[in-house]
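Chain letters run A, B, ... following the sequence lines, proteins first, then strands; residues in each count from 1.
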Protein chains: 2
Amino acid sequence: MEEHSAQDNTPIFQRIKDYLVAEIASGRWKEGDLVPSEQALVRQFGVSRMTVNRAVRELTAEQVLTRRQGAGTFVAPQKYQATLVEIRNIADEIRARGHAHRSDCRLLERAPASEALAARFGVAPGTPLFHSVIVHLEDEVPIQVEDRWVNPACAPSYLEQDFSSITPNEHLMKAAPLSGATYRIEALPAPAEVAAMLGIEAKACCLVLKRQTMSRGMVATVATMWHPGHLAQFSGSVG
Amino acid sequence: MEEHSAQDNTPIFQRIKDYLVAEIASGRWKEGDLVPSEQALVRQFGVSRMTVNRAVRELTAEQVLTRRQGAGTFVAPQKYQATLVEIRNIADEIRARGHAHRSDCRLLERAPASEALAARFGVAPGTPLFHSVIVHLEDEVPIQVEDRWVNPACAPSYLEQDFSSITPNEHLMKAAPLSGATYRIEALPAPAEVAAMLGIEAKACCLVLKRQTMSRGMVATVATMWHPGHLAQFSGSVG
DNA sequence: GAGTGGTCTAGACCACAAT
DNA sequence: TTGTGGTCTAGACCACTCC
């Protein structure tokens with residue numbers, strides 16, 4: 001039986017995590033340093049090993065520490081100087097800003113796969129695909145042109161949707177469980193048709209997001225989203 | 001004592017995780033469904049509760065399940081349709097592609113903070129800051145112009161570094177423990193000076209990453225990184 | 001009150017690394 | 001051989017939710 005030093009009800013494992021993180025943040029323990037063993041922490045905190053183990057295991061999952069069986073626990077190498085920028089779906093983002101979102105569906109058709117698209121979908125050229133072009137408006141200002149190709153096998157009723165009341169994203173998430181996606185962000189001059197829909201000059205700078213999603217082992221959709229460079233931005237933070 | 005069904009040495013908690021994930025992936029358990037309780041899983045697998053608890057707790061941390069004390073465990077709502085794009089530091093990225101990275105330091109100076117910079121750093125206008133402009137080349141092709149302002153309090157020896165052998169990122173990570181960062185990605189036309197350094201036309205589309213990092217409660221650096229739109233891209237994946 | 005999750009204990013056996 | 005981490009047990013007490 002243990003007297004958990006009462007009055008502070010943060011769990012013990014959390015207090016141990018806090019302690020370890022504080023030692024690292026303060027600079028007392030540096031990258032690569034050996035951290036006290038589980039046994040040592042058991043003695044230091046007067047708790048059972050399972051409790052210490054949970055604290056250390058979670059910090060390992062969080063990449064704060066690394067462990068080598070038989071060797072010990074170490075301060076993890078400097079956090080990979082990589083950062084994650086969050087990309088949300090356009091309707092959510094606009095609503096999160098407290099603005100009105102409206103979709104304007106400019107094209108919704110069945111069309112044969114070009115050579116390039118066929119390769120990306122893994123089908124024969126000429127295979128029918130679904131294709132939509134939708135302009136998203138924020139408070140009636142065009143903010144995104146979404147040019148999307150969809151694999152009919154993944155969303156057979158895609159052409160019957162009313163894309164003024166539901167976004168393709170929302171429909172696809174219901175129709176086809178998403179199993180993965182790849183993204184690419186580029187800066188490109190706007191082609192004439194896109195420029196017209198966005199109400200900007202042709203060749204104006206656009207922030208372009210290209211996304212390919214997978215479902216049940218197939219490529220479900222390939223989408224290109226064009227944003228006016230002076231309006232759009234992707235942002236994020238860490239820490 | 002327990003007979004762990006021998007010959008398969010994947011840990012029990014992992015097998016339970018696999019089982020739970022499989023039930024969800026197959027569609028048998030849908031979003032919001034109640035998942036068997038820990039007690040039920042204890043009986044089903046014939047293991048101790050701690051083992052089941054670890055499996056379920058980890059899946060909760062991974063946002064596959066959600067738990068409510070007293071109520072039960074549920075299949076988590078559809079993964080937020082937001083995605084994370086990874087941004088790595090330029091030198092790492094170039095080397096990861098197997099190419100040669102070289103830095104060309106065009107400017108390294110002490111300069112007074114403009115009104116706008118002073119506000120971002122939280123200092124008085126005119127306060128001296130460090131300023132560097134570096135061109136990063138991939139196999140001798142300019143691929144990034146890095147325009148960086150640094151808080152002297154965070155990296156007092158910044159001006160003495162040799163930025164042809166170390167990147168500002170690397171120096172700063174050693175000098176000032178990073179406690180957070182904010183990012184913004186934009187598409188902008190290249191100003192004349194940037195265009196000249198990148199070897200592209202003025203006003204050509206650029207992919208721009210603006211980053212502000214924090215250290216010890218202060219703004220450590222404000223950086224703007226310009227990439228030729230036709231060469232650069234940020235990419236990532238999920239799933 | 002019965003059932004749920006949240007946490008913790010005091011042992012245990014094992015694989016692995018250092019010596 | 002000793003110490004490390006990796007896993008597991010069979011209990012326990014608590015706070016909470018639902019009925």
Side-chain angles (χ1 to χ4, degrees), chain A residues 1-21 23-24 29 32-77, chain B residues 1-21 23-24 29 32-77:
Chain A
M1 302 306 141
E2 193 58 38
E3 196 82 6
H4 297 151
S5 75
Q7 97 165 347
D8 180 358
N9 57 1
T10 59
I12 301 176
F13 79 89
Q14 186 59 55
R15 277 184 255 165
I16 298 176
K17 286 179 71 172
D18 293 343
Y19 162 76
L20 296 169
V21 167
E23 288 297 309
I24 295 168
W29 295 348
D33 282 2
L34 184 62
V35 163
S37 72
E38 294 194 355
Q39 269 307 325
L41 291 169
V42 161
R43 288 190 297 271
Q44 177 173 344
F45 285 88
V47 300
S48 89
R49 190 183 154 212
M50 276 300 280
T51 303
V52 165
N53 177 266
R54 175 167 174 184
V56 179
R57 178 158 38 77
E58 290 189 359
L59 285 177
T60 302
E62 294 163 23
Q63 314 228 33
V64 174
L65 302 174
T66 61
R67 318 193 77 179
R68 290 207 323 273
Q69 194 174 144
T73 302
F74 306 85
V75 178
Chain B
M1 303 304 140
E2 194 56 39
E3 195 83 6
H4 297 154
S5 74
Q7 98 163 347
D8 180 357
N9 57 2
T10 59
I12 301 175
F13 79 88
Q14 185 59 57
R15 278 184 254 163
I16 298 176
K17 287 179 70 173
D18 292 344
Y19 163 76
L20 295 170
V21 167
E23 289 296 309
I24 295 169
W29 296 348
D33 282 2
L34 184 62
V35 163
S37 72
E38 294 194 355
Q39 268 308 326
L41 291 169
V42 161
R43 287 190 298 270
Q44 177 175 345
F45 285 89
V47 300
S48 88
R49 191 184 152 207
M50 275 301 280
T51 304
V52 165
N53 178 267
R54 175 167 175 185
V56 179
R57 179 159 36 78
E58 290 190 0
L59 286 178
T60 302
E62 294 163 23
Q63 314 229 34
V64 174
L65 302 174
T66 61
R67 318 193 79 178
R68 288 208 325 273
Q69 192 174 148
T73 302
F74 306 84
V75 177

### Task
Hey, which sits more toward the 5' end of DNA chain C by its nearest nucleotide, B:Ser37 or B:Met50?
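That would be B:Ser37.
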Is the phosphate of [N] approached by [X] (side-chain N or O, under 4.0 Å from OP1 or OP2)?
X	N	result
B:Arg67	C:dG6	yes
A:Thr51	C:dT9	yes
A:Thr73	D:dG5	yes

[atom1] of [X] versus [atom2] of [N]: gap in Å, rounded?
X	N	atom1	atom2	answer
A:Arg57	D:dT4	CZ	P	18 Å
A:Asn53	D:dG5	CG	P	9 Å
A:Glu38	C:dG11	CD	C1'	15 Å
B:Leu41	D:dC8	CG	P	14 Å
A:Arg15	C:dT7	CZ	C1'	12 Å
B:Leu65	C:dG6	CG	C1'	16 Å
B:Phe74	D:dT17	CZ	C1'	10 Å
B:Ile16	D:dT7	CD1	P	13 Å

#### Entry: Contact summary for A:Phe74 and A:Val35, nearest pair of heavy atoms
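Answer, listing the atom of A:Phe74 first, then A:Val35: C-CG2, 4.1 Å.
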Let's see if you can work this out: which of [options] has an atom nearest to the side-chain heavy atoms of [X]?
X	options	value
B:Pro11	C:dT4, D:dT4, D:dC8	D:dC8
B:Arg54	D:dC16, D:dT7, C:dT7	D:dT7
A:Ile12	C:dC8, C:dG6, C:dC16	C:dC8
A:Phe13	D:dG5, C:dC8, D:dT7	C:dC8

### Task
Check the side chains of A:Asn53 and A:Arg57 for a donor-acceptor pair under 3.5 angstrom, ignoring hydrogens and angles.
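Yes, a side-chain donor-acceptor pair sits under 3.5 Å.
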### Query
Does a distance-only test, which skips hydrogens and angles, find a donor-acceptor pair under 3.5 Å between the side chain of B:Arg49 and the base of C:dG6?
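A donor-acceptor contact between them is present.
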### Query
Between the side-chain atoms of A:Arg68 and the base atoms of D:dG6, is any donor-acceptor pair under 3.5 Å?
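Looking at the base of D:dG6, it does not pair with any donor or acceptor on the side chain of A:Arg68 (distance under 3.5 Å).
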### Query
Would a 4.5 Å heavy-atom cut-off, applied to side chains only, mark A:Leu41 and A:Val47 as touching?
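Contact flag for A:Leu41/A:Val47 side chains = no.
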### Query
With a 4.5 Å heavy-atom cut-off, do B:Phe13 and B:Met50 have their side chains touching?
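Result no, sub-4.5 Å side-chain heavy-atom pair not found.
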### Task
Taking A:Arg67 for its side chain and A:Gly72 for its backbone only, find out whether a donor-acceptor pair lies under 3.5 Å.
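Looks like no, no N/O pair under 3.5 Å.
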